[in-house]
Student: 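What follows is a single structure, and I will ask about it in a moment.
Naming convention: chains lettered A, B, ... in sequence-line order (proteins, then strands); numbering from 1 in each chain.
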Amino acid sequence: MKAHKQTIDITMQNDLVIYNTLSRKKEKFEPINAPHVGLYVCGPTVYGDAHLGHARPAITFDLLFRYLRHLDYKVRYVRNITDVGHLENDADEGEDKIAKKARLDQLEPMEVVQHFADRYHENMDDLNVLKPSIEPRASGHIIEQQQMIDSIFDKGYAYESDGSIYFDVEKYNQSHKYGKLSGRIFEDCQANTRELAGQSEKRNPADFALWKKAKPEHIMRWPSKWSDGFPGWHLECSAMSTKYLGEQFDIHGGGMDLLFPHHESEICQSTIANGKESVKYWMHNNMITINGQKMGKSLGNFINLEEFFQGKHELLEKAYSPMTVRFFILQAHYRSTVDFSNEALQASEKGMQRLLTAVNNLSKIKASDESTVKVAELEAKCYNAINDDLNSPVLISHLFDGVKMINNLIENKEKITSADLDLLKKLYTNFVNEILGLKDEEQSAGNDNKLTEVVDLMLNMRIEAKANKDWAMADKIRDELQKLGFVIKDKKDGFEWELK
RNA sequence: GGUCAGUUGGCCGAGCGGUUAGGCUCCGGUCUGCAAAACCGGCUACGGCGGUUCGAAUCCGCCACUGACCUCCA
């Protein structure tokens, strides 16, 4: 039995295919140094509460992390926290996002960082997103970033201008061809990059900052040989991924909006500093839209995760649990946009409940001496789906086919051997709990003991009324409880209820 | 304006040359004192116009529309 499982896993490992943004193709996943896998994902800039948009990459790469671990890879997952250097407008001019928030709230920048990092972690825990192996902060790696600048400078791809250091994109383009990830052409970037006042210290509008001299009022600053200042936004990811995953590593992930210029710039920095391509597979999750539009601060349509969980937002008809949000996101493929709507969320909520109920009901199935169901086939379909560039929607559709199988087994419409039953249970534990990361949230609600006793009492009285064929009393108890928001479910031998 | 995606049934959302994706809704049935819940079953769509092919939602061309990035944002 164990030996059998091993063979399956080894086969499955060899079958994983992921879409590489670099080649715009699906590629067989082959780690540089198996069984070790290095995974780097761009984390949040912690100057505000996490919203639905933050949940997408977190859940997408959590799925990848979980699946790679399921395949017995030794994964080192690094997801950074940006706490310095990310400027307004993602430009090379403008106020630091953290510093601005600190100024507005009259706090130390690190108070802002601590507060929102803590909130982010709470939200991620709620969503059942596993903690990364390492969660480095940009401000803790100033030395590493300065060393990387030195390296780029020594190789002649950076220049100083009034205390700031810029990456020389034109020179890079001549020797390495700029734009291989985003598909942009250097000349177009020159023509289309907006020329801001104050950018004149750059030789070329497409150049980006590696180190910025701090203006007198700028509070987040570190000494350097060039000036008192702070690192450029793109640099932190290159410096930290190199430090923890090495000069070459397997997968770099992030949102599609980071593809340009952030990831393109990372490639430039790492290629020059390390003398070689650093990332083997680039993966990008798509955006979440609301009523067909991307969420954006300027559109005023972004919804915080906390607001989802509490139902406190004008666009929300009700609260949606973290698992509902997670399931909703997993029901679309990560490279597709997914459009938020109350109707879609509610569809996911019901569907997920049906799936999780079936999982709980697996224990009710009794084994026979033959099987009329094809469990091994179902398992193969599930692995094929997840192996195909993490196709979670197709995986989920197969799991729903299995739900029908489970329900029919419970009602003895189908038969299953004990070996197949073990496989079926393992299949659902693996895919639903371990890989998709779904868990039943039902238990915690309405655990007020007195309330439970009173409601149970009422419903037991109703059973007596029914036994006496006192339908008026039975219906009265039911209807009144329903008015108060209780959902009453009659069962063959009793009842179940929950408070909405 | 440049670059890149996409347009699938009432709603969401897979598919990427031939087979029922799946979920929710809706409709029927089982169960029930009646309901609800639960379960089972049913519901054949691919923006428009041409073309390639024995065969196209899937490939090609044109048109229309939507979105993303280049500016905030994951």
Student: Looking only at side-chain N and O atoms, does A:S336 come under 4.0 Å of OP1 or OP2 in B:A14?
Tutor: yes

Student: B:C65 and B:U8: how far apart are their C1' atoms, nearest whole angstrom?
Tutor: 15 Å

Student: Please determine, for the side chain of A:P57, which listed nucleotide (B:A74, B:C34, B:G13) has the closest atom?
Tutor: B:A74

Student: Could you note down all residue pairs passing side chain to side chain donor-acceptor pair (under 3.5 Å) where residues 124-133 of chain A supplies at least one of them, sequence neighbours left out?
Tutor: A:D125-A:K131

Student: Tell me which nucleotide among B:C40, B:A14, B:C12 gets nearest to the side chain of A:A332.
Tutor: B:A14

Student: Select base, sugar-phosphate, or nothing to describe what A:R354 touches, counting heavy atoms under 4.0 Å on all strands.
Tutor: sugar-phosphate

Student: Determine the interatomic distance between P on B:C60 and the same-named atom on B:C16; round to the nearest Å.
Tutor: 15 Å

Student: Once hydrogens and angles are ignored, does a donor-acceptor distance under 3.5 Å link the base of B:A36 to the side chain of A:R478?
Tutor: no

Student: When the distance from CG of A:D475 to C1' of B:U32 is rounded to whole Å, what number comes out?
Tutor: 12 Å

Student: Under 3.5 Å, is there an N or O donor on one side and an acceptor on the other linking the side chain of A:R184 and the base of B:C4?
Tutor: no

Student: For the side chain of A:A474, starting at C-beta, report the closest nucleotide among B:C70, B:C24, B:G33.
Tutor: B:G33

Student: To the nearest angstrom, how far is A:I290 atom CD1 from B:C72 atom C1'?
Tutor: 16 Å

Student: Write down the distance between NZ (A:K26) and C1' (B:C16), rounded to a whole number of angstrom.
Tutor: 9 Å

Student: Determine the interatomic distance between C1' on B:A56 and the same-named atom on B:G47; round to the nearest Å.
Tutor: 16 Å

Student: Grab the CG-P distance between A:N286 and B:C4 for me, whole Å please.
Tutor: 16 Å

Student: Which whole number of Å gives the distance between the C1' atom of B:G18 and that of B:G1?
Tutor: 43 Å

Student: Between B:G41 and B:G22, how far apart are the two P atoms, rounded to whole Å?
Tutor: 11 Å

Student: Tell me: CG of A:L305 to C1' of B:A74, nearest whole Å?
Tutor: 11 Å

Student: What is the separation between atom NZ on A:K489 and atom C1' on B:A35, rounded to the nearest whole Å?
Tutor: 15 Å

Student: Do the side-chain N or O atoms of A:K350 get closer than 4.0 angstrom to the phosphate oxygens (OP1, OP2) of B:U25?
Tutor: yes

Student: Need one value for A:I410: base, sugar-phosphate or nothing, where a base atom within 4.0 Å counts as base even if backbone is also close, heavy atoms only.
Tutor: nothing

Student: Going by purine N1 to pyrimidine N3 plus the second Watson-Crick contact, or the G-U wobble pair, all under 3.5 Å, which nucleotide sits opposite B:C26?
Tutor: B:G42

Student: Pick the closest RNA chain B nucleotide for A:G254 and for A:G351 by heavy atoms, then say which residue is nearer the 5' end.
Tutor: A:G351

Student: Nearest whole angstrom, please: distance from the C1' of B:C34 to the CZ of A:R462.
Tutor: 10 Å

Student: 5'-most contact on RNA chain B: A:N285 or A:M352, nearest heavy atom basis?
Tutor: A:M352

Student: Between the side chains of A:R203 and A:D207, is the shortest nitrogen-to-carboxylate-oxygen separation below 4.0 Å, so that they form an ion pair?
Tutor: no

Student: Rounded off to whole Å, could you give me the CG-to-C1' distance for the A:L436 and B:G22 pair?
Tutor: 14 Å

Student: Give me the distance, rounded to whole Å, that separates B:A37 from B:A74 when you measure between the C1' atoms they each carry.
Tutor: 39 Å

Student: Among A:D420, A:L421, A:L424, which residue meets the side-chain contact (heavy atoms from CB on, under 4.5 Å) test with A:L409?
Tutor: A:L424

Student: Could you tell me which nucleotide pairs with B:U19 by Watson-Crick or G-U wobble geometry, both distances under 3.5 Å, or answer none if nothing does?
Tutor: none

Student: Using Watson-Crick or G-U wobble geometry with both distances under 3.5 Å, which nucleotide pairs with B:C59?
Tutor: B:G51

Student: Could you please name the option among B:A14, B:A35, B:G13 that lies closest to any side-chain atom of A:H333?
Tutor: B:A14

Student: Under 4.0 angstrom, heavy atoms only, what part of the nucleic acid is A:N407 near: base, sugar-phosphate, or nothing?
Tutor: sugar-phosphate

Student: Are the charged groups of A:D479 and A:K483 less than 4.0 angstrom apart, N to O?
Tutor: no

Student: Please list, by residue number, the residues of residues 389-405 of chain A whose heavy atoms come closer than 4.0 Å to an atom of RNA chain B; answer none if no residue qualifies.
Tutor: A:N391, A:P393, A:V394, A:S397, A:F400, A:D401, A:K404

Student: Determine the Euclidean distance between corresponding P atoms of B:C59 and B:C24; express it in Å to zero decimal places.
Tutor: 30 Å

Student: Taking the minimum atom-to-atom distance to the side chain of A:K466, which one of B:A74, B:C12, B:G33 wins?
Tutor: B:G33

Student: Roughly how many Å apart are B:C70 and B:U58, using the C1' atom of each and rounding to a whole number?
Tutor: 31 Å

Student: Got a salt bridge between A:K312 and A:E307, using NZ or NE/NH1/NH2 to carboxylate O under 4.0 Å?
Tutor: no

Student: What does A:G53 touch in the nucleic acid at a heavy-atom separation under 4.0 angstrom: a base, only the sugar-phosphate, or nothing?
Tutor: base

Student: Does B:A64 pair with anything, Watson-Crick or G-U wobble, both distances under 3.5 Å, and if so, with which nucleotide?
Tutor: B:U7

Student: Name the closest nucleotide to the A:F260 side chain, picking from B:G13, B:C70, B:C11.
Tutor: B:C70

Student: Under 3.5 Å, is there a donor-acceptor pair linking the side chains of A:Y47 and A:H115?
Tutor: no

Student: Please evaluate residues A:D105 and A:K101 with respect to the criterion salt bridge (Lys or Arg N to Asp or Glu O under 4.0 Å), reporting the C-alpha separation (whole Å), side-chain torsions for both, the decisive distance (0.1 Å), and the verdict.
Tutor: CA-CA 6 Å; A:D105 291 356; A:K101 181 71 178 161; 3.2 Å; yes

Student: Quick one about A:E434 and A:T429 (side-chain donor to acceptor, distance below 3.5 Å, no hydrogens or angles considered), yes or no?
Tutor: no

Student: For B:A14, what is the paired nucleotide under Watson-Crick or G-U wobble rules, both distances under 3.5 Å?
Tutor: none

Student: I'd like to know if A:D490 pairs up with A:R478 as an ion pair, taking the criterion as any Lys NZ or Arg NE/NH1/NH2 lying under 4.0 Å from an Asp or Glu carboxylate oxygen.
Tutor: no

Student: Should A:H121 and A:I81 count as side-chain neighbours, where that means a heavy-atom distance under 4.5 Å?
Tutor: yes

Student: Nearest to the side chain of A:A347 - B:A74, B:G23, B:G33?
Tutor: B:G23

